[in-house]
Amino acid sequence: MNTVNSAETTTASPYGDSDFVVVANRLPVDRDPAETSQGWRTSPGGLVTAVAPVMKSQEGAWIGWTGVPDVDFDPFTIDGMHLVPVTLTSEDVLKYYEGFSNATLWPLYHDVIVPPEFHRTWWDSYVRVNERFAAKVAEVAAEGATVWVHDYQLQLVPQLVRRMRPDLAIGFFNHIPFPPFELFAQLPWRDEILRGLLGADLVGFQRPADAANFRRAVRGRLNFTTKGSTVNVPAGDFLPEHIVRAEAFPISIDTPYLEELARDPKIIERARQIREEVGNPKVVMLGVDRMDYTKGIRHRLKAFGELLAEGKLDVEDVVLIQIATPSRERLEQYKIIRHDVELTVGRINGEQAEVGSIAVHYLHHSYPRDEMTAFFLAADVMLVTALRDGMNLVAKEYVACRRRDDGALVLSEFTGAADQLKGAVMVNPHDIGDLKAGILDAVQMDEKTGSRRMKQMRKKVATDTVSIWSKKFLAELEAIHTNPEAIIPDRPAALPERSTTASDRLTSAVDARTTSGDSHASNATSASASAPGEDRQ
């Protein structure tokens with residue numbers, strides 16, 4: 001059986017020529033059906049939205065899978081990004097991606113909402129694919145380069161890369177939650193995952209609780225010493241002794257770009273048309289999610305249906321638009337959630353709607369970014385009722401688009417966004433009564449209170465953007481790698497006075513592009529692209 005220890009411990013010289021390397025399960029492209037040859041189009045998702053401005057500002061490389069199995073592709077450049085494909089076979093997709101990543105890790109990391117499956121053949125495939133990604137990093141990274149590995153599909157890559165290229169500064173960011181130790185301990189390969197992540201200099205999480213869960217798992221399983229946010233990793237597994245910082249870096253959005261879209265007269269007009277198309281009700285409620293059992297779609301539909309049945313909401317006054325984009329449709333749990341959602345929508349409309357009116361407008365497909373912005377502008381109330389979510393960028397995107405400080409956000413307390421968007425109506429989606437009360441609070445909220453709450457949230461997304469997130473993470477990574485002895489637990493590492501590094505040039509370039517407002521001229525995405533740790537990664 002393959003194990004993490006089976007990786008090569010050295011790599012051939014010379015080094016590559018990329019000073020900055022992003023590593024993710026997916027490249028930020030899809031095959032363009034309009035092209036007769038091997039054409040591509042950018043298709044950014046949650047991760048891509050966060051990292052694309054960084055890539056465009058630096059001569060770096062993005063390593064990932066194209067989304068096309070069993071086909072080898074040469075490196076290519078698109079939209080200012082140099083992309084280095086990693087080949088996955090159909091068997092890899094079945095066992096590494098759909099299997100271990102999304103039927104083992106995804107449910108385990110999301111509070112075991114559905115039972116995770118543990119199969120040794122899936123784990124073997126996960127190891128093999130992680131080794132393939134790590135080998136590609138060692139090949140393309142320049143000496144002393146910065147490597148940023150993303151998400152749960154590649155948790156072994158940091159250790160594998162460190163063995164092959166100890167000269168590199170390695171960061172890892174987990175876009176989804178990290179589970180409590182009692183749940184994580186179920187994983188048969190828990191120690192291998194922990195050691196894989198500890199190959200990084202800096203491991204980032206969405207919430208402080210996630211970082212604390214990781215550090216507790218390290219203490220409980222590996223008996224490594226932790227102090228504050230730091231982990232002391234002893235020499236072993238072909239690695240030298242080193243210090244790792246594990247802490248929260250809440251991801252955010254490109255607020256200036258979204259605000260620019262929200263000012264577009266064409267998008268504003270489209271928002272007016274959307275309201276007209278659903279009958280110009282007094283209140284339009286909106287849900288935007290991947291079709292996933294973690295998103296709480298069934299719970300919000302149940303709450304909405306009961307409010308209509310009890311007469312607390314009237315179908316002539318309030319409608320719900322539910323956008324649920326297709327996701328992992330070959331997996332059994334995703335077939336089940338789609339069936340349940342569509343059955344519930346049909347029941348609510350059958351029981352509550354009248355001729356000429358529909359209670360729930362259900363849309364099971366993706367939309368481009370302009371159209372999604374129009375939906376955000378059209379909605380009076382945004383429903384984000386995830387049962388567990390690393391962050392949920394949809395909540396932040398809705399807030400960023402509310403330029404008039406109007407609208408209300410109903411937000412699950414089990415999202416990372418709940419730590420930051422304090423002006424939202426917080427709900428426990430597992431408690432249907434509480435969820436119903438939260439929806440009523442949002443619908444009936446007076447204008448003055450709503451404006452005050454929205455201003456509070458808009459201030460947060462205006463001062464905590466994706467460029468600030470990237471800059472903070474990369475500066476911390478550079479400081480830790482440059483001077484690990486200076487790390488003080490629970491205090492950000494101080495970057496010493498020195499010559500400009502690739503990381504410095506990278507983050508300063510991001511700031512310049514954000515200020516100029518041209519970093520997203522060609523950016524288009526789908527409704528499902530707003531959530532990190534999901535299909536686009």
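Atoms considered below: every heavy atom in the structure, side chains included; atoms not considered: hydrogens, waters and symmetry mates.
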Run through N25, N102, T104 and flag the one making a side chain to side chain donor-acceptor pair (under 3.5 Å) with Y152.
-> N102

Run the salt-bridge test on E182 and R216 with the 4.0 Å N-O cut-off and return the result as yes or no.
-> yes

Applying ring-ring contact (aromatic ring centres under 6.0 Å, His included) to F173 and not counting sequence neighbours gives H175, W469

Is the shortest side-chain N to carboxylate O distance from E269 to R272 below 4.0 Å?
-> yes

Is R219 reaching over with its side chain to a backbone N or O of T226, donor-acceptor style, under 3.5 angstrom?
-> no

Does R290 come within less than 4.0 Å of D389, counting only side-chain N to carboxylate O?
-> no

Got a sec, which residues hit salt bridge (charged side-chain N to carboxylate O under 4.0 Å, His left out) with R402, two or more places apart in sequence or on another chain?
-> D406

Is R403 paired with E259 through a side-chain N to carboxylate O contact shorter than 4.0 Å?
-> no

Applied to residues 423-435, the side-chain hydrogen bond (donor to acceptor under 3.5 Å, both in side chains) test, sequence neighbours excluded, yields none

Does the distance from a Lys or Arg side-chain N to an Asp or Glu carboxylate O, for R328 and D292, drop under 4.0 Å?
-> yes

Angle class for the Y398/F376 ring planes (parallel below 30°, perpendicular above 60°, tilted otherwise)?
-> perpendicular

Checking R458 side chain against V399 main chain: does a donor-acceptor pair fall under 3.5 Å?
-> yes

Output yes when E476 and K472 qualify as a salt bridge under the 4.0 Å nitrogen-oxygen rule, no when they do not.
-> no

Ring-ring centroid check F249 F205, cutoff 6.0 Å | no

